[in-house]
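The block underneath contains the structure these notes are about, expressed in structure tokens.
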Amino acid sequence: MRDTLKNDLSCALLDWYDRHARKMPWRVGPADRAAGVIPDPYRVWLSEVMLQQTTVAAVRDYFTRFTVRWPTIQALAAAPDDQVMGEWAGLGYYARARNLLKCARVVTDQYDGVFPDTYDTLLKLPGIGPYTAAAISAIAFDRPETVLDGNVERVMARLYDIHDPLPGSKPLLNDKAAELTPTVRPGDYAQAVMDLGATICTPKSPTCGICPLRDPCQARAAGTQPDLPRKLPKKPKPTRFGHVYIAQRTDGALLLERRPDRGLLGGMLGWPGSDWSEVPVESPPFAADWQVLAGEVRHTFTHFHLILRIWTAPLPVDMALDDLIVMEKHAFRPSDLPTVMRKAHDLWRNR
DNA sequence: GATCCGTGGAT
DNA sequence: TATCCAAGGAT
């Protein structure tokens with residue numbers, strides 16, 4: 001009976017996916033896969049890391065730029081750190097980019113450039129956790145692993161009308177998802193559940209009327225689907241303040257810093273500045289007649305709001321400062337900056 | 001288990 | 001404007 005239900009559900013989902021799979025630059029669609037096209041594990045891995053907590057729309061252009069610039073994992077492994085961090089700038093969660101490079105170098109050096117295919121081996125690699133290990137194993141190698149991301153959590157919570165709040169209900173949701181994972185076409189199936197969650201079984205206003213699982217869905221029968229999955233309340237975000245300092249030489253060169261590898265915006269390029277706190281201390285990188293710009297930069301991170309004041313001064317010739325970078329005009333790209341630093345740059349340029 | 005870690009779009 | 005939240009991982 002359970003097998004029958006499982007087969008009905010997974011077949012309904014695969015059938016829906018065959019007809020409605022979204023096109024994505026990294027995806028080997030059901031028709032291509034059926035025709036024998038084998039996914040490139042490098043592209044599957046890169047896309048899955050980019051997609052961690054990030055929307056498909058935001059990832060698209062980044063994925064294209066990365067794969068044009070670094071078509072293979074060996075090419076990526078050989079890239080200088082600052083080029084990769086610059087290409088990742090704006091996408092957020094910069095630890096992903098640092099771990100991406102670590103992982104590329106491990107696979108290149110220790111696995112001869114060949115991605116491992118098992119969940120347990122993938123899980124040991126930098127930046128690959130339970131979700132991504134299962135996703136790569138299933139999507140790139142068509143192994144019957146169960147992916148559990150936000151989409152699958154939502155689909156399972158509704159399908160079985162589970163009211164226990166996340167994250168405590170995660171093991172139960174994982175059990176439900178694992179029960180449904182078929183041994184045939186597990187890669188397509190993993191993408192089918194996630195596509196369903198992303199397009200039909202959405203967080204708000206799910207379109208149950210056209211859902212391939214509308215009949216067996218227990219939440220829909222109970223009318224509870226808009227309230228699922230339940231989640232524990234989140235903490236409010238405090239507001240912090242800070243100062244940043246933009247100094248430019250008459251030839252256009254700029255004073256920048258490479259942020260330490262750990263912590264917020266780790267490894268990224270930025271403007272020197274104060275700590276970000278309730279009452280920041282003005283801390284210019286060198287003594288000068290600093291002028292504060294009109295306006296301010298407002299930015300919201302994962303766990304706090306930030307309001308920055310921007311100061312500017314001429315950068316003397318031959319100025320050299322510990323841990324700071326004098327970047328020539330031709331070498332500076334605003335797109336290499338994380339978004340909050342690019343906002344400061346834009347305010348300064350439009351002064 | 002709780003906290004930290006970005007960003008932009010939708011509502 | 002405020003909140004949610006998106007194909008999560010590391011510590």
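Every chain is numbered from 1, with letters handed out A, B, ... down the list of sequences.
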Review point. Looking only at side-chain N and O atoms, does A:His299 come under 4.0 Å of OP1 or OP2 in B:dT7?
Key: yes
Check your understanding: Charged N to carboxylate O below 4.0 Å: is that the case for A:Arg185 and A:Asp188?
Key -> yes
Practice item. To the nearest Å, give me how far apart NZ (A:Lys102) and P (C:dG9) are. Key: 15 Å
Check your understanding: Contact class for A:Gly90 vs. all strands (heavy atom < 4.0 Å): base, sugar-phosphate, or nothing?
Key -> sugar-phosphate
Exercise for review: Using a heavy-atom cut-off of under 4.0 Å over every strand shown, decide if A:Arg98 touches base, sugar-phosphate, or nothing.
Suggested key: nothing
Check your understanding: Heavy atoms under 4.0 Å, any strand shown: does A:Leu265 hit a base, just sugar-phosphate, or nothing?
Key -> sugar-phosphate
Check your understanding: More than 12 non-hydrogen atoms from neighbouring residues, nucleotides or ligands closer than 6.0 Å to CG on A:Asp251, yes or no?
Key -> yes
**Study point:** Rounded distance (Å) that lies between atom C1' of B:dC5 and atom CG of A:Asp261
**Key:** 14 Å
Check your understanding: Taking atom types as modelled and ignoring hydrogens, do the side chains of A:Gln52 and A:Tyr131 form a donor-acceptor contact shorter than 3.5 angstrom?
Key -> no
**Study point:** Length of the line joining A:Tyr93:OH and B:dC5:C1', which is rounded to integer Å
**Key:** 5 Å
Exercise for review: Report yes if a side-chain nitrogen or oxygen of A:Gln53 is closer than 4.0 Å to either non-bridging phosphate oxygen (OP1 or OP2) of C:dG8; otherwise report no.
Suggested key: yes
Check your understanding: When you check the gap from the basic side-chain N to the acidic O, do A:Asp15 and A:Arg19 get nearer than 4.0 Å?
Key -> yes
Review point. Using a heavy-atom distance cut-off of less than 4.0 Å, which residues of residues 124-140 of chain A contact DNA chain B?
Key: none
Review point. Using a cut-off of 4.0 Å on non-hydrogen atoms, how would the nucleic acid contact of A:Pro167 be classed: base, sugar-phosphate, or nothing?
Key: nothing
Study note, to complete from the structure: DNA chain B nearest-nucleotide lookup for A:Lys204 and A:Lys235: closer to the 5′ end is A:Lys235
Check your understanding: Within less than 4.0 Å of OP1 or OP2 of C:dA6, is there a side-chain N or O belonging to A:Arg154?
Key -> yes
Practice item. Check whether any side-chain N or O of A:Thr339 sits under 4.0 Å from OP1 or OP2 of B:dT7, and answer yes or no. Key: yes
Check your understanding: Is there a donor and acceptor pair closer than 3.5 Å between the side chain of A:Thr54 and the base of B:dG6?
Key -> yes
Review point. Can you tell me how far C1' of B:dG6 sits from CZ of A:Arg342, to the nearest Å?
Key: 12 Å
Practice item. State which of C:dA7, B:dT7, B:dC5 makes the closest approach to the side chain of A:Val340. Key: B:dT7
Check your understanding: Under 4.0 Å between a side-chain N or O of A:Tyr94 and OP1 or OP2 of B:dT7?
Key -> yes
**Study point:** Whole-Å gap separating C1' (C:dA6) and CE (A:Met194)
**Key:** 12 Å
Point to revise | Interatomic distance at P, C:dT11 relative to B:dG6, whole Å | key: 14 Å
Practice item. Report the distance from atom CG of A:Asp227 to atom P of C:dC5, rounded to the nearest whole Å. Key: 12 Å
Review point. Would you say the side chain of A:Leu196 lies within less than 4.5 Å of the side chain of A:Cys211, judging by non-hydrogen atoms?
Key: yes
**Study point:** First encountered from the 5' end of DNA chain C, between A:Asp195 and A:Arg262
**Key:** A:Asp195
Point to revise | B:dC4 versus C:dA7 - spacing of their P atoms, nearest Å | key: 24 Å
Review point. More than 12 non-hydrogen atoms from neighbouring residues, nucleotides or ligands closer than 6.0 Å to CG on A:Asp275, yes or no?
Key: no
Check your understanding: Are A:Leu255 and A:Phe286 side-chain neighbours, meaning at least one heavy-atom pair lies under 4.5 Å?
Key -> yes
Check your understanding: Looking at A:Phe301 versus A:Phe304, is the centre-to-centre ring distance below 6.0 Å?
Key -> yes
Point to revise | Distance in angstrom units between A:Trp88 CH2 and C:dG9 P, rounded | key: 12 Å
Practice item. Under 4.0 Å between any heavy atoms, over every strand shown, what does A:Ala57 touch: base, sugar-phosphate, or nothing? Just pick one. Key: nothing
**Study point:** N-O pairing of A:Glu328 and A:Arg249 below 4.0 Å
**Key:** yes
Point to revise | Separation of atom NZ in A:Lys343 from atom P in B:dG6, rounded to whole Å | key: 14 Å
**Study point:** Phosphate contact (B:dC4 OP1 or OP2) by A:His303 side-chain N/O below 4.0 Å
**Key:** no
Point to revise | Nucleotide nearest A:Arg22 when distance is taken to its side chain, options B:dC5, C:dA7, C:dC4 | key: C:dA7
Point to revise | Candidate pair A:Trp271 and A:Trp311, rule side-chain contact (heavy atoms from CB on, under 4.5 Å), full reasoning | key: CA-CA 10 Å; A:Trp271 310 107; A:Trp311 301 76; over 6 Å; no
Practice item. Only stems of 3 or more consecutive Watson-Crick or G-U pairs count here, both distances under 3.5 Å; name the ones for DNA chain C, or none. Key: B:2-5 with C:8-11, B:7-11 with C:2-6
Check your understanding: How would you label the contact of A:Met24 with the nucleic acid (heavy atoms, under 4.0 Å): base, sugar-phosphate, or nothing?
Key -> base
Practice item. Might you work through the side-chain contact (heavy atoms from CB on, under 4.5 Å) test for A:Leu148 and A:Glu153, ending with a clear yes or no? Key: CA-CA 6 Å; A:Leu148 188 69; A:Glu153 288 171 355; 3.9 Å; yes
